[in-house]
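Structure first, commentary second.
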Amino acid sequence: MNKLNHKQVNMVELIICLTNAEDLISPELANHHQQVAYLAFKIAEQLNLPIKQKRELIMAGLLHDVGALSLNDRLELIENEPPSVQDHAFKGARLIEGFPPFCNAADIIRYHHVSWNNGEGITVRGSQVSLLSHIIHLADRIAVLVNRNHEIIGQITGIQNKILEQKNTTFMPELVDAFISMSVNEYIWLDIAYKPLLYILPSIVSFDIINLDSDEIINLTKIFANIIDFRSPFTANHTAGVAKTAEKLAELAGFSENECKMMLVAGYLHDLGKLAVKNEVLEKPSKLNVEEFNEIRSHTFYTYRLLQAIKEFETINIWASLHHEKINGKGYPFHLTGKDIPLGARIMAVADIFTAITENRPYRKGMTNEQVINVLNSMVNDQSICPFVVAILMDNFDLINEIRKEAQWKSSIEYNYFIEAENKKL
Ligand SMILES: [Fe+2]
Ligand SMILES: [Fe+2]
Ligand SMILES: [Fe+2]
C-alpha cells in the first residue's frame, strides 16, 4: 500500500488538480485560471516585481474565481463586470483564507474586481487594495477579451485598444503601460491560447516546488471539500460528514494513523467529480431523468481521472473514487466485484451511504436510527456493501453518528460564514 508520503506532495500540483476540476464546471471558461495566472505573472515580470510577489500572483491567479461556484456565476463574469461581481471575490477569499499558505492569495482575491477609478481604487472602505489585486483585475479582463473561437494574433490590436480605453478609469495606468509594452510579443498570446498551458505553467513561471506535510494536505483538501459542497445548500455539509465517518471507520477497522489521515483526505475528495455536475441537476427536487441520472453517476469517474494526476494519491484515489462500486458488481463506473474493491473503498462506500441517509437536507429530514439500520442491513443482504464494515458501524453506531453530526455541524457554521459574503456589497 502506498504511504501518504507528504514530502512529495506538491502544492502547485494539487492546486492545478483543483483548477482542472473547476474547468469541468464550465468548459466555456476552461483554462481561464491558468490564463490569468500567466498574464499576471507576465505583467509582474514587465514591472520587475520581486519573485515572492510573482509567486503570490500565480497562486492568486489560479484560485481567483474559486468563489464563483455555479456556471451562471461564471458566465456572468465573462461578459462585463456587473455590480454583483464583488460577491464571488469575497466568497473566494473566505473559502481559502483559513489555509496559511493561501493567506496572501486570499487578500489579493478579495479585491480583484476593484476598479482603479482614477486612483480612488487604492483603497476600498478604508482597506488597502494591493497592487497585486489590480494586476489580477487587469489580467482577468484581458483574458476575457480573448475570443476563443478565433485566431489570436489578429485580436491583439483590438484588445490593446479596449484596455487603453479604460486606462486610469478601470485600470491602474502603470499596469496598462506594462501590458502594452509586453503585448507586442506574439508568444505571450500564443501561450494564452495554448491548451496545454496548464501543464507547462509551473515550468514557465519557474515555480518552486512547495511540499506539504500531511496536516497541510488535510487542510488543503478540506478547502476542496468546501468548494465541492458549498455550491449548493443541498450538499453544504455532506463531504465533512463522509470524511469524518470514513476516518473513524478506518481507525476501528485497524488502519494505521497514517492510513486514517489518508482516509480523511480521500473522504474530502470523494465527490470532487461532482464539480462536473450542473447545479440544476444537483438540486432538482423531482425525479431525475435518464440524462440527469447519467450525469450524476459520472462523478466518480471524474474524481478518479482528476486525482490520477497526483502520483502520491494513488491509494487515496482508489479509496475515494470506488465509493459507488458494489460487492455484487452492480456499482459504477468500473463494475468491480468483491475482492477487487479494497477495504478502504468499502469503508468510503458505507460512510457515504450512512451520511447521505442520516443527514438533514433542505427538503427532507435524515432517517431515524431504525430506518438507517434497516437500509444498511438490506444493502448487506443484496451484497451491495461490505458486511464487515457495516458490522463495525453497527457496533459503534452512536459514537460514529455523533462524530458525523459534529463534523456536519461545524461545516454548517463554515457554510453560513461563506454565504454571508453574498450580502456584503462594496
Ligand atoms: Fe476571472
Ligand atoms: Fe458520490
Ligand atoms: Fe458522497
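In each ligand, atom 1 is the first atom listed, and ligand 1 is the first ligand listed.
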F255 side chain near I347 side chain, heavy-atom distance below 4.5 Å: yes
Metal site the Fe ion (ligand 1): N/O/S of H32 inside 2.8 Å: yes
Metal proximity, H33 vs the Fe ion (ligand 1), N/O/S cut-off 2.8 Å: no
Which atom of D140 approaches the Fe ion (ligand 1) most closely (N/O/S): OD1
Would you be so kind as to tabulate the donor-acceptor pairs closer than 3.5 Å made by side chains of residues 392-401, with sequence neighbours excluded?
residue	atom	partner	partner atom	Å
N396	ND2	I392	O	2.7
N401	OD1	R404	NE	3.0
N401	OD1	R404	NH2	3.0

Contacts of the Fe ion (ligand 3) with protein N/O/S atoms, counting only those under 2.8 Å: H238 NE2, H270 NE2, D271 OD2, D352 OD1
Modelled atom types, side-chain donor and acceptor of D271 and H299, under 3.5 Å: yes
Contacts of type side chain to side chain donor-acceptor pair (under 3.5 Å), residue K330, not counting sequence neighbours: none
With E402 via side chain to side chain donor-acceptor pair (under 3.5 Å) - residues at least two apart: none
At the Fe ion (ligand 1): angle between D65 atom OD2 and H64 atom NE2, to 10 degrees: 90°
Closest non-hydrogen atom pair between D352 and H323, with its separation: OD2-CD2, 3.3 Å
Separation between OG1 of T170 and CD1 of I163, rounded to the nearest 0.5 Å: 8.5 Å
Sole residue of H88, H134, H137 in ring pair (Phe, Tyr, Trp, His ring centres under 6.0 Å) with H112: H88
